[in-house]
Amino acid sequence: QVQLVESGGGLVQAGGSLRLSCAASGRIFSLAAMGWFRQAPGKEREFVAAVDWKGDNPVYVDSVKGRFIMSRDNDKNTAYLEMSILKPEDTAVYYCARARVSSAASSAEWYDYWGQGTQVTVSS
């Protein structure tokens, strides 16, 4: 069983920064790709970023390219999402997820474990 716990969300002004963390339990964290998704009120869940099992080959949705950076520390069983130049449209609940594969994937169908989410609110 894998458990994922996100932290680091909060309220920030537009242009600000936040760093989200995703702490994972379970020894197979280091063998799986990890991803971040988000869901805004009234909208469908959206892929944000993913990295492969080594933390390489990042994939980002176009709307966050150049502003968000995803990384991971396999020694700490933790994934991160560094968010900068935040915009009001980034407001959402952010979820981390563990993939069933080792390569970075943007489709939710490849992810089998999900955290409960952390709220990010960006004020204008």
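- A continuous path of hydrophobic side-chain contacts links L86 to V48 [ILVMFWY only; heavy atoms under 4.5 Å].
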Open item on the list: What verdict does the side chain to side chain contact (heavy atoms under 4.5 Å, CB included) test give for W36 and M70, after you've listed the backbone C-alpha separation in whole Å, the side-chain angles of each residue and the deciding distance to 0.1 Å?
Closed with: CA-CA 8 Å; W36 286 95; M70 183 175 178; 3.5 Å; yes
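- Distance check: L20 CG to T78 OG1 gives 12.5 Å after rounding to the nearest 0.5 Å.
- Here I69 contributes atom CD1 and S84 contributes atom OG; the two are 6.5 Å apart, rounded to the nearest 0.5 Å.
- In this structure, SG in C96 is found 10.0 Å from CG in L81, a value given to the nearest 0.5 Å.
- There is a path of hydrophobic side-chain contacts, each under 4.5 Å, that joins V2 to V51.
- Between the side chain of S63 and the main chain of V61, no donor-acceptor pair closer than 3.5 Å is present.
- Applying the side chain to side chain donor-acceptor pair (under 3.5 Å) criterion to R67, with sequence neighbours excluded, gives D90.
- When all heavy atoms are compared, the tightest approach of C22 to M34 is SG-CE, 4.0 Å.
- Contacts classified as side-chain hydrogen bond (donor to acceptor under 3.5 Å, both in side chains) and involving residues 106-117 (residues at least two apart or in different chains) are given here: R98-D112.
- Note on residues 41-60: pairs passing side-chain hydrogen bond (donor to acceptor under 3.5 Å, both in side chains), not counting sequence neighbours, are R38-E46, D52-N57.
- Shown here are the side chain to side chain donor-acceptor pair (under 3.5 Å) partners of D73, two or more places apart in sequence or in another chain: there are none.
- Within the structure, side-chain hydrogen bond (donor to acceptor under 3.5 Å, both in side chains) contacts touching residues 3-24 (residues at least two apart or in different chains) are R19-E82.
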Can I get a per-line list of side-chain donor-acceptor pairs under 3.5 Å for residues 117-124, giving both atom names and the distance, sequence neighbours left out?
| from | atom 1 | to | atom 2 | distance (Å) |
| --- | --- | --- | --- | --- |
| T118 | OG1 | G9 | N | 3.2 |
| Q119 | NE2 | A92 | O | 3.4 |
| Q119 | NE2 | T121 | OG1 | 3.3 |

Open item on the list: Could you go through F68 and L18, starting from their C-alpha distance and side-chain angles, then the distance that decides it, and tell me whether this counts as side chain to side chain contact (heavy atoms under 4.5 Å, CB included)?
Closed with: CA-CA 10 Å; F68 290 11; L18 281 175; over 6 Å; no
TODO: In sequence, state the C-alpha distance, the side-chain angles, and the governing distance for M83 and Y94, and then conclude on side chain to side chain contact (heavy atoms under 4.5 Å, CB included).
DONE: CA-CA 11 Å; M83 307 185 294; Y94 283 70; 3.9 Å; yes
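- Scanning both residues, F47 and A105, for their nearest heavy atoms gives CE1-O, 3.5 Å.
- Across all non-hydrogen atoms, the minimal contact from S103 to A33 is O-CB, 3.2 Å.
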